[in-house]
2 protein chains.
Amino acid sequence: MSQGSEDHNAGTCEEPVELESLLGYQLKHLQSALRSTMDETLRPLELTTPQYNCLEQLRRRPGASNSELARGAFVTRQTMNTLVRGLQERGLITRPATAESGRVLPTRLTSAGVEVLDQAVSRVEAVSARMVSPLDDETRTIVTEALRRCIAALEEAEDG
Amino acid sequence: MSQGSEDHNAGTCEEPVELESLLGYQLKHLQSALRSTMDETLRPLELTTPQYNCLEQLRRRPGASNSELARGAFVTRQTMNTLVRGLQERGLITRPATAESGRVLPTRLTSAGVEVLDQAVSRVEAVSARMVSPLDDETRTIVTEALRRCIAALEEAEDG
DNA sequence: AAATGTATGTCAGAATACTTACATGAGTCA
DNA sequence: TGACTCATGTAAGTATTCTGACATACATTT
């Protein structure tokens, strides 16, 4: 604390901590590396990482709505909408033109989509395996659980 | 379509693993939450997270080149260039119009930039502290080290 | 039934970041 | 010196994602 604020040139000139020891920095670095590697891996299938995420979500929740997919992929509805359209035009997913009950248009994988997704999954799993290869089982569990707690800590106090 | 390969529904229908147990998923989730929280925290200062990262880099490496900043922030030179211009127009950083020796235009924080950055740093550190608050010191070390190893594993085999 | 609140899908525009491309300066090597 | 390589800065165009806005459909309340 201490906000005498006058004689504290500390704010700027102190070299606070090594970047590499900051979780946020490592997080961003790893995310960047993972994204690059995944894009590279998926390029032969003409899929981007967000597109893959969309298909993957759909595999786990067949018939999901656009908004549901968006929440699961941590993007906005609008972003997911453009994503869905692209995949729809390519024939990888289907979506009814009109809603059955509400406004929800349940989306599903086509057989072509399943085919592409199968290839994508095996590639992505290989990347994922490579990423965690330096960690033993116990460490993986610890890290995953730790990240889960960090997420909760960030989100709990947020109003929305 | 329908090819002989009907009886291997394994590729798609198997529910492979819980999403929450996948490191990549948790990574994305946490990154998303962190980004949102940081943007929210920095909004009163009229700074976005990328802009903050730029200033923060500059604090650690005064006189860094645009390309250097880009690498440190995991964005392209061009992206950092637009970022730098915006901050320059706002008077938070300075950049010589012409290069002294090579083509490098060393960038530095202005006193106004230092002032804003100081406020930003304290806010961001609060967010960061909240994020890691559920972890004890040992776990933080383990997680940070684990992420470092994952980064290395992803990057080592890459030609890029 | 009417009003309200919530969730969805979608359009339009702006912000953001990337890819491609080119020119310039410096270092290396013949 | 000249050719080659590499890194930098920048421009133009594209792609991606967001914010703001609006209409629709259902549930709840009055």
Side-chain angles (χ1 to χ4, degrees), chain A residues 28 31-33 35-40 42-43 46-54 57-58 61 63-90 93-108 159-160, chain B residues 28 31-40 42-43 46-54 57 61 63-90 93-108 159-160:
Chain A
K28 189 170 51 177
Q31 175 84 59
S32 169
R35 171 64 187 261
S36 299
T37 308
M38 280 185 61
D39 277 339
E40 193 178 327
L42 293 171
R43 192 164 306 141
E46 300 201 78
L47 279 182
T48 64
T49 298
Q51 286 172 331
Y52 165 77
N53 286 331
C54 177
Q57 285 276 329
L58 234 30
R61 317 180 180 186
S65 74
N66 178 52
S67 294
E68 205 171 346
L69 292 173
R71 282 189 293 267
F74 309 108
V75 297
T76 61
R77 283 174 300 170
Q78 296 85 337
T79 297
M80 184 53 76
N81 199 315
T82 67
L83 229 38
V84 161
R85 292 192 179 202
L87 293 171
Q88 195 174 3
E89 283 177 10
R90 282 176 57 184
I93 64 182
T94 52
R95 231 187 159 195
T98 69
E100 185 121 334
S101 74
R103 299 201 69 192
V104 173
L105 305 176
T107 310
R108 294 181 186 280
D159 202 19
Chain B
K28 190 170 50 177
Q31 174 83 62
S32 169
L34 178 57
R35 171 65 186 261
S36 299
T37 309
M38 279 185 62
D39 277 340
E40 195 178 326
L42 292 172
R43 191 166 305 142
E46 299 200 80
L47 279 182
T48 64
T49 298
Q51 287 173 331
Y52 165 78
N53 287 331
C54 178
Q57 285 276 331
R61 319 180 178 184
S65 75
N66 178 51
S67 294
E68 205 171 345
L69 292 172
R71 283 189 293 268
F74 310 108
V75 296
T76 62
R77 283 173 299 169
Q78 295 83 340
T79 297
M80 183 54 75
N81 199 313
T82 66
L83 228 40
V84 162
R85 292 191 179 204
L87 295 172
Q88 196 173 1
E89 284 177 10
R90 282 176 57 182
I93 63 181
T94 52
R95 232 185 159 197
T98 69
E100 185 122 334
S101 75
R103 298 199 69 192
V104 174
L105 304 176
T107 309
R108 293 179 187 283
D159 202 22

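Since the model is a prediction, treat every value here as computed from it, not as a measurement.
Counting 5' to 3', DNA chain C first comes under 4.0 angstrom of a heavy atom of chain A and last does so at the ends given by C:dT8 to C:dC11.
Of the possible polar contacts, none joining the B:Ser32 side chain to the B:Lys28 backbone as a donor-acceptor pair under 3.5 Å is found.
Note on B:Asn81: a side-chain N or O is less than 4.0 Å away from OP1 or OP2 of D:dT10. Applying the 4.0 Å criterion to OP1 and OP2 of D:dG9, one finds that B:Ser67 has a side-chain N or O inside that range.
With sequence neighbours left out, the salt bridge (Lys or Arg N to Asp or Glu O under 4.0 Å) criterion links A:Arg61 to A:Glu68. Evaluation of the salt bridge (Lys or Arg N to Asp or Glu O under 4.0 Å) rule for B:Arg77 yields no partner, not counting sequence neighbours. Residues meeting the side-chain hydrogen bond (donor to acceptor under 3.5 Å, both in side chains) test with B:Ser65, sequence neighbours left out: none. Taking the side-chain hydrogen bond (donor to acceptor under 3.5 Å, both in side chains) definition, one finds that B:Arg71 meets it with nothing, sequence neighbours left out.
Taking 4.5 Å as the limit, every side-chain heavy atom of B:Val75 sits out of range of all side-chain heavy atoms of B:Pro50. Looking at heavy atoms from C-beta onward, B:Thr107 lies out of side-chain contact with B:Thr94 at the 4.5 angstrom threshold.
Here the C1' atom of nucleotide D:dT8 and the CD atom of B:Glu68 are 11 Å apart, to the nearest Å.
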**Fill in**
Readout for nucleotides 15-26 of chain D: B = base within 4.0 Å of protein heavy atom, S = sugar-phosphate only, - = neither; 5' to 3' it is --SBBBB-BBSS
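For the pair B:Arg43 and B:Asp39, the salt-bridge criterion is not met [side-chain N within less than 4.0 Å of a carboxylate O].
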